[in-house]
Amino acid sequence: MNLIESIKMALKSIRNNKLRSFLTMLGIIIGVASVITLVGVGQGSSKSVTDEIGSLGTNLLTLSVTDTDSVQLEEDDLGRFEELNTIAEVAPIVSGRVLAKYGENSAQVSITGTTSSYLSVRGLSLSQGRFLSDMDDELRQKVVVLGADTADTLFPRANPLDESVKINGVSYKVVGVLQSIGSSLGSSGDSVIIAPLSTTQRLIQDTTIGTVYLNAENSDSVNFAKLQVQGVMTTLFPNMSDAYSISSQEDLMETMSSVSDTMTLMLGGIASISLLVGGIGVMNIMLVSVSERTKEIGIRKAIGAKRKSILLQFLIEAVVLSMIGGLIGILLGYGVSKGLEVFASMTISYSLNVALFSFLFSCAIGIIFGVFPANKASKLDPILALRQE
Amino acid sequence: MTQPVIEIKNLTKTYELGGETIHALEDVSLHINDGDFISIIGPSGSGKSTFMNMIGCLDKPDSGEYLIEGKNVAKMNDNELATIRNVKIGFIFQNFNLLNKLTALENVELPLIYRGLSAKDRKEKALSCLKLVGLEDRWGHLPTQLSGGQQQRVAIARALAGDPTVLLADEPTGALDSKTSNDVLQLLKQLNEKGHIIVLITHDLEVAKQAKRIVRIHDGQLYENGGDWFEPNRIYQDGLKEYQKQ
């Protein structure tokens with residue numbers, strides 16, 4: 001008896017027991033679908049995180065001061081970063097939270113005190129007006145640039161340009177509005193007010209520069225620039241390396257993607273367990289099927305079926321069930337993923353490898369869990385099997 | 001004398017049942033020759049079924065020899081036994097034992113599938129066998145859509161499909177009324193005239209009498225000529241009584 005004949009026989013038996021076959025497959029279907037969906041969600045979020053970080057620019061270095069008491073960066077110190085040949089631009093940040101008001105509208109927003117280079121260092125663009133200039137900083141002008149959300153909240157109907165907003169009770173003139181950049185890593189980039197560094201320091205009564213964004217000349221020199229910045233910091237603040245950190249976007253990307261890779265692995269692992277449980281379901285039903293079809297096995301043996309033929313028949317039935325279940329599971333998995341993408345606006349990554357892996361895994365499960373029942377069937381004594389009703 | 005097709009020499013089989021050792025067959029010898037139509041008669045519990053399982057190569061003897069066309073079955077492994085069942089033996093059962101989910105044609109094709117024939121050859125052969133039993137227009141019916149007599153004829157067609165040396169019929173008329181029983185027996189007679197060896201196992205003397213040769217099994221012993229010389233009247237009575245006891 002050849003393989004095609006066995007497969008035909010298996011398909012026939014599956015067709016003859018449609019409901020039971022479907023219930024058997026259900027475990028595999030759910031298992032494969034959840035592997036595909038969960039791994040897709042995991043990889044999708046990993047991809048969206050790295051994309052987001054990448055969109056911030058790969059030239060970016062971030063110097064963040066964690067202990068502002070021991071490391072106090074002065075504006076003069078920043079000049080030393082600018083002198084480095086690998087650094088193109090430097091944007092120091094002073095930040096705090098303020099209450100902004102325009103007429104009856106008010107909003108609690110974060111204020112970013114910075115210099116003119118901030119715009120290009122962070123890769124932002126304006127929707128209207130102009131950005132801060134060096135003159136604004138030097139002359140401590142009371143001018144602000146609004147983030148997209150802040151502008152919408154304070155000026156729901158009016159054009160904010162050249163209007164005055166009251167920040168902590170003091171009037172500031174709006175000179176520009178930023179284009180929306182969306183929320184990134186949980187914090188909105190649009191609910192901000194950007195003001196000159198000197199003005200902000202006075203406004204929030206804090207001169208501490210907590211963060212400095214540095215733009216390397218090009219993406220190749222980022223790592224060298226990082227070392228150079230490290231060097232400058234060591235000269236300025238010897239033995240204080242615990243009080244600040246310098247990170248490139250690449251570092252951030254690596255950290256984030258290792259986090260989400262772990263998550264993906266975990267989700268995939270959990271889903272694989274459900275696939276395994278589905279396999280045990282196949283085994284259970286096949287065992288029931290063997291005892292239900294004892295008579296049939298007896299008849300087949302009496303008319304000359306070898307042990308191998310019976311073994312193959314039941315094994316192939318289990319494998320075909322698992323394979324069909326796997327295929328349906330792949331379709332369902334993609335369906336659910338698509339649904340999540342459309343209705344829950346999640347980023348899902350579709351990977352052929354995962355589909356292929358889970359399909360092969362379900363076939364393997366069919367073989368592994370089919371062997372035991374098939375072996376049991378093939379060992380039945382034809383005399384006893386024939387006697388059974 | 002030509003070599004007998006089936007040669008059974010001093011066959012013994014015992015088995016344990018509830019701690020008791022039962023001597024199902026004791027020192028049984030039998031020759032079956034080409035063209036034979038032999039019926040084996042005996043009441044239930046006589047070892048008849050065990051003997052049938054032996055002839056049908058479903059079971060192996062404890063001692064003694066069973067040669068089918070000169071080959072010793074007692075020394076074969078499971079696979080070789082399966083091949084013998086497939087090629088040399090055609091089974092006809094009391095309760096037909098057709099696979100209910102397969103059509104008549106597919107049932108008849110079954111032994112040929114295990115023999116590895118191509119789909120086309122299989123269908124041709126199976127159809128010709130169905131024609132032989134007069135059911136060629138019923139090939140697409142499921143067993144449940146056929147009458148008992150028709151089912152038994154499908155079973156006979158299945159047994160014939162493999163061109164076996166021996167047709168082994170175990171109470172083929174046991175589940176049929178007398179008219180269809182007669183039809184089936186006539187069919188078996190015709191097959192015998194065409195050259196098939198037929199071994200008919202029954203407890204019913206009327207059925208057994210249709211055969212050319214009758215042997216009787218009683219308490220694990222085998223007697224030629226239906227044991228006529230032994231106790232002629234008891235053959236029928238025994239069988240009937242035992243049958244009614246069931």
Side-chain angles (χ1 to χ4, degrees), chain A residues 1-21 286 288-317 320-321 374-389, chain B residues 13 15 24 49-50 52-60 76-103 106-119 122 142-143 155 157-164 168 170:
Chain A
M1 192 166 75
N2 58 25
L3 211 61
I4 296 165
E5 220 45 70
S6 308
I7 290 169
K8 267 192 208 159
M9 223 180 251
L11 284 174
K12 198 169 171 72
S13 146
I14 288 167
R15 258 207 310 276
N16 281 333
N17 295 297
K18 282 199 192 70
L19 180 67
R20 191 172 71 187
S21 302
M286 289 309 294
V288 170
S289 169
V290 167
S291 49
E292 221 174 54
R293 285 152 70 185
T294 303
K295 181 100 183 182
E296 177 190 329
I297 295 163
I299 296 169
R300 284 178 187 275
K301 280 198 155 183
I303 59 172
K306 295 195 174 86
R307 269 194 58 186
K308 202 184 93 192
S309 315
I310 302 286
L311 186 94
L312 216 59
Q313 184 193 345
F314 279 85
L315 189 58
I316 283 176
E317 207 172 307
V320 168
L321 269 178
N375 191 40
K376 200 181 159 198
S378 75
K379 278 186 177 159
L380 282 177
D381 180 359
I383 301 169
L384 295 177
L386 272 173
R387 211 174 284 162
Q388 193 159 65
E389 274 314 308
Chain B
K13 178 80 182 176
Y15 53 89
S49 301
T50 313
M52 188 209 78
N53 289 339
M54 291 295 164
I55 297 177
C57 299
L58 288 166
D59 210 349
K60 283 195 270 189
M76 289 182 178
N77 63 24
D78 276 0
N79 263 349
E80 289 165 322
L81 283 180
T83 311
I84 291 281
R85 285 199 295 269
N86 189 238
V87 179
K88 306 281 183 207
I89 316 266
F91 278 96
I92 301 163
F93 299 96
Q94 175 175 2
N95 42 8
F96 325 134
N97 280 347
L98 296 170
L99 296 183
N100 285 329
K101 298 223 160 110
L102 303 183
T103 64
E106 285 166 332
N107 265 295
V108 177
E109 276 183 346
L110 216 51
L112 303 173
I113 290 180
Y114 290 118
R115 198 177 286 189
L117 251 66
S118 77
R122 244 169 28 217
L142 293 175
R158 181 179 67 186
L160 282 173
D163 276 327
L168 188 59
D170 179 22

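The figures here come from the full heavy-atom set of this structure, side chains too, leaving out hydrogens, waters and symmetry mates. The sequence lines fix the lettering, A, B, ..., with proteins before strands; numbering per chain opens at 1. It should be emphasised that the depicted structure is a prediction, and the values quoted were computed from it without experimental measurement.
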Interchain contact, [X] with chain A, by part (heavy-atom threshold 4.5 Å):
X     : answer
B:E80 : neither
B:N79 : both
B:D59 : both
B:I84 : neither

Legend entry - Closest heavy-atom pair and its distance - B:A24, B:Y15: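 Here B:A24 and B:Y15 meet closest at CB-CE2, 3.4 Å.
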
Inset, instruction - Can you see which heavy atom on B:R122 is nearest to which on B:L117, and at what distance? - result: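 Heavy atoms only, the tightest pair is NH1-O, 3.3 Å.
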
Legend entry - Segment of A:R300 engaging chain B (4.5 angstrom heavy-atom cut-off): both

Inset, instruction - Take A:I299 and A:L386, measure what side-chain contact (heavy atoms from CB on, under 4.5 Å) needs, and give me the verdict at the end. - result: CA-CA 6 Å; A:I299 296 169; A:L386 272 173; 3.9 Å; yes

Legend entry - CG on B:L58 to NZ on A:K301, rounded to 0.5 Å: 10.0 Å

Legend entry - Rounded distance (nearest 0.5 Å) linking atom CZ of A:F314 with atom CD1 of A:I297: 3.5 Å

Inset, instruction - Would you please test A:N375 and A:L311 for side-chain contact (heavy atoms from CB on, under 4.5 Å) and show each step? - result: CA-CA 6 Å; A:N375 191 40; A:L311 186 94; 4.0 Å; yes

Legend entry - Derivation of the side-chain contact (heavy atoms from CB on, under 4.5 Å) call for B:K60 and B:K13: CA-CA 8 Å; B:K60 283 195 270 189; B:K13 178 80 182 176; 5.6 Å; no

Legend entry - B:R85: partners by salt bridge (charged side-chain N to carboxylate O under 4.0 Å, His left out), with sequence neighbours left out: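 Once residues adjacent in sequence are excluded, B:R85 has no partner under the salt bridge (charged side-chain N to carboxylate O under 4.0 Å, His left out) criterion.
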
Inset, instruction - Tabulate, in ascending numerical order, the residues of residues 11-20 of chain A having at least one heavy atom closer than 4.5 Å to a heavy atom of chain B, or enter 'none'. - result: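 When heavy atoms of chain B are the reference, residues 11-20 of chain A contributes A:K12, A:N16, A:N17 within the under-4.5 Å range.
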
